[in-house]
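The chains referred to below are lettered A, B, ... by the order of the sequence lines, with proteins before strands, and numbering in each begins at 1.
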2 protein chains.
Amino acid sequence: MLLCMPFSVYYGEDWFYILISGLITIVCGSTTWLLTKNHKSKELKKKDGYLIVTLGWFFMSLFGTLPFILSGAIPNFTDAFFETISGFTTTGASVLNNIEGVPKGILFWRSLTQWIGGMGIIVLAVAILPILGIGGMQLFIAEAPGISPDKMKPRIKDVAKRLWFIYLGLTVTETVLLLLGGMTFFDALNHSLTTMATGGFSTKNKSVAHYDSAYIQYVIIAFMFLAGTNFTITYYCLKGRLKKAWANEEFRMYFILVAVLSICISFFVFSSSWTGFEKSFRDSLFQVVSLITTTGFVTADYTSWTPFLTIVFFMLMFLGASAGSTAGGIKVVRHTLLFKNSFLEMKRQLHPSAVIPVRLNNSAVSRDITYNVLAFVMIYLLVYVVGVFLISFTGVDFDTALGAVATSLGNIGPGLGQVGPVNNFSSITPFGKWLLATLMLLGRLELFTVLMLFNPNFWQKY
Amino acid sequence: MLLCMPFSVYYGEDWFYILISGLITIVCGSTTWLLTKNHKSKELKKKDGYLIVTLGWFFMSLFGTLPFILSGAIPNFTDAFFETISGFTTTGASVLNNIEGVPKGILFWRSLTQWIGGMGIIVLAVAILPILGIGGMQLFIAEAPGISPDKMKPRIKDVAKRLWFIYLGLTVTETVLLLLGGMTFFDALNHSLTTMATGGFSTKNKSVAHYDSAYIQYVIIAFMFLAGTNFTITYYCLKGRLKKAWANEEFRMYFILVAVLSICISFFVFSSSWTGFEKSFRDSLFQVVSLITTTGFVTADYTSWTPFLTIVFFMLMFLGASAGSTAGGIKVVRHTLLFKNSFLEMKRQLHPSAVIPVRLNNSAVSRDITYNVLAFVMIYLLVYVVGVFLISFTGVDFDTALGAVATSLGNIGPGLGQVGPVNNFSSITPFGKWLLATLMLLGRLELFTVLMLFNPNFWQKY
């Protein structure tokens, strides 16, 4: 939070409330740390993992509301919590009607929540969740390491450092490239922070549509795509091992999906509008990448194109980019696995006695993992259905209900109807906001991490 | 078809076209039978099962169009095929704008297609599909019998006879009860045929809303519920073994779902309208039972109540009643299994080395079957998504697209929007009609039966 103060000072804003927020957080954090310090020697168990991750995200979001509330930018607690958890979960759904009227220091904090959230997710996805047996990344690991805490700690530290370096490097690179495109330093930095987190908070009311420059939009497209790529793959790419990256089935599928969808959609957009082909292509590519990577930046109102494209974009909300990236949603690797498994199921029925495993990256996927992925997708859809059911109580219409829940659970940002790309979430009732906030957290932590805590088995012999 | 002639004669209509249609069908059928007679001794293989069932339904629907086309009731082939396959798959989606203007003989044929379709489905669901390893009924069978054709034939014949007797008996009973309610014999018979098939074709433009009598509506509710019950359970009930019926987990879930949903929804309807409580309850119960059992009769426009209830009813389209009934859709037993499995998956993650099977009716469900059910639901949703994607090309709006595909794949009848309960499918383009017709067949034959034929493995060494 204190990092926001220089911006407040520079723009001549009131920095006092940010300082207070920072101090409150430091005092509460330190007190907790001091009180629990003596338990430090205790071994970390698998169960602790679920609890630490869920509570971590929750308390980050709770204390993260302070700058919003104290500065008066978002005086209402429900709204402030919605905005903050939307930040830390890298969703990007906003309740702000006039973003440009918010003090710069607060806007920077808003962007920073996403960047910090993204940072957390990288470590979570690549290092912690596979150990807990969830998140899709276990698909890439032949043998999940045991849960011995002495092995776990150095592994996490080591992986985290390497990936954060890439994350930081890409953020800096994007900032420089956006500066070259004529953005101010403040806007360039903010957009870079929220691009790399696949968050989608913008400092402009019209999101990226504010910038009419093709250069700026293509830069953001490129970095959204990178942010939606498995960071381990990006690491290989940076080391020049492009073949190894291309050998990864999820990356190939992700690349092909983006390419094919953008090209097809741009033809539709081109044929139904009078803008040039380059603009149609750029708008289509931007929206496809933005939704698949669950970023949620907007350059055009995709729900106003045609009913057909609205449905396509609605479906894209369920895709999600790569596992091990900052993107939310179901993820391409899970879809690939399910798609393959569905076809093989028919083969299995013809040959009931044969063992026919799903193959991914040329090796057989164990049945336990396939089973787990199937269960994940079922729970995702179940949570989706329950979410739509509950949000309907608030009186929103059909499109809004389906869109708001899809976008929250998938950590995207804009939805359909009342919460579409040119609207925001301010019109949702408080109950609706708490519900969507819960869905963001559920989606971000790959469901199991949070739901596990509500399982009576979890608390037995804790 | 020839059974329709008495009605044509009685109502003084032109019966000649029905006779011609019947004769064409008899000639084509006999020729095929004569030509293939010598192959009779050849053993039936599992693969033949898929082929016979799919082609059977297709050719029934093809020849079933003759009365519609020749009589001029539905002169267009696409429309006639849509109406006929909607009949044989017991869907009940119609293209007729003025049902009451169609000759009675043709209307009877329309209802009869559903009754025949329902008859086929009972045998298919209870006797054939479990042998092919699909359909959900395998969940109730501890050991699926081997595929030896000499065992298969008597089993099917025996089961079929017993169940058809119940089917026929219930149809006659309902006809008598409806007659007592003041319906004409023709209307009572037609509505009974389409109730028992969970089809939903009515002889009235306003469907069951035409009959303002509470008695008639409650009778139809009761028989829709029965038609959505596993026929093996109904058999136990008729034999007085009610305890055995209640011991069945799917039946209990089905009963509870109907009861709870109807009561909750009737409170919503009551609170938002000025009709009496009995009428609100009856309308709610009717629509809930009609959608869950995938019948599709209508007494009120449920899409005009509140946005919340539209969403609830949309969700009900994915439920489906019991396996082993004439209902379509995913079925309650599959949902139960998935729901249980999802919760157990979390328990499995806490205890990765323990084997934790799903239990249904107090016995462990084998992992193969759970896997198969998971794959079924995934393919169902995949087909749904592809269907929505394709139907969007025809230019229909968001609600219509989601509703039309849900209702076709689930063999229900009415959808949402343009194809809602007070509208029909006449406005859909020919491409859309063929697509929905395909979805009806896919849904009706539990996906695998049809999709199997498009699997290259199927045709290898046929």
Which atoms of [X] approach chain B - backbone, side chain, both or neither, heavy atom under 4.5 Å:
| X | answer |
| --- | --- |
| A:I391 | neither |
| A:V396 | backbone |
| A:L309 | neither |
| A:T306 | neither |
| A:V388 | both |
| A:F318 | neither |

Work out which heavy atom in A:A375 is nearest to a heavy atom in B:S342; give both atom names and the distance.
O-OG, 4.5 Å
Minimum heavy-atom distance B:G395-A:P307, with the two atoms named
O-CG, 4.5 Å
Rounded to the nearest 0.5 Å, how far apart are [atom1] of [X] and [atom2] of [Y]?
| X | Y | atom1 | atom2 | result |
| --- | --- | --- | --- | --- |
| A:Y371 | B:T370 | OH | OG1 | 4.0 Å |
| A:L402 | B:L402 | CG | CG | 6.5 Å |
| B:I311 | A:F389 | CD1 | CZ | 10.0 Å |
| B:E345 | A:L447 | CD | CG | 12.0 Å |

Within the structure provided, determine whether B:I379 and A:F343 are in side-chain contact (heavy-atom separation under 4.5 Å).
no
Is any side-chain heavy atom of A:V385 less than 4.5 Å from a side-chain heavy atom of B:M315?
yes
Qualifying side-chain hydrogen bond (donor to acceptor under 3.5 Å, both in side chains) pairs, either residue in residues 379-401 of chain A, two or more places apart
A:D397-A:T400
Taking the ring centre of each residue, are B:F393 and A:F268 less than 6.0 Å apart?
yes
For A:I356, side-chain contact (heavy atoms from CB on, under 4.5 Å) partners two or more places apart:
A:L344, A:K347, A:R348, A:A354
Is it the case that more than 12 heavy atoms not belonging to A:F267 sit under 6.0 Å from its CZ atom?
no
Test side chain to side chain contact (heavy atoms under 4.5 Å, CB included) on B:N341 and A:M378; report intermediate values, then the result.
CA-CA 9 Å; B:N341 186 57; A:M378 291 319 306; over 6 Å; no
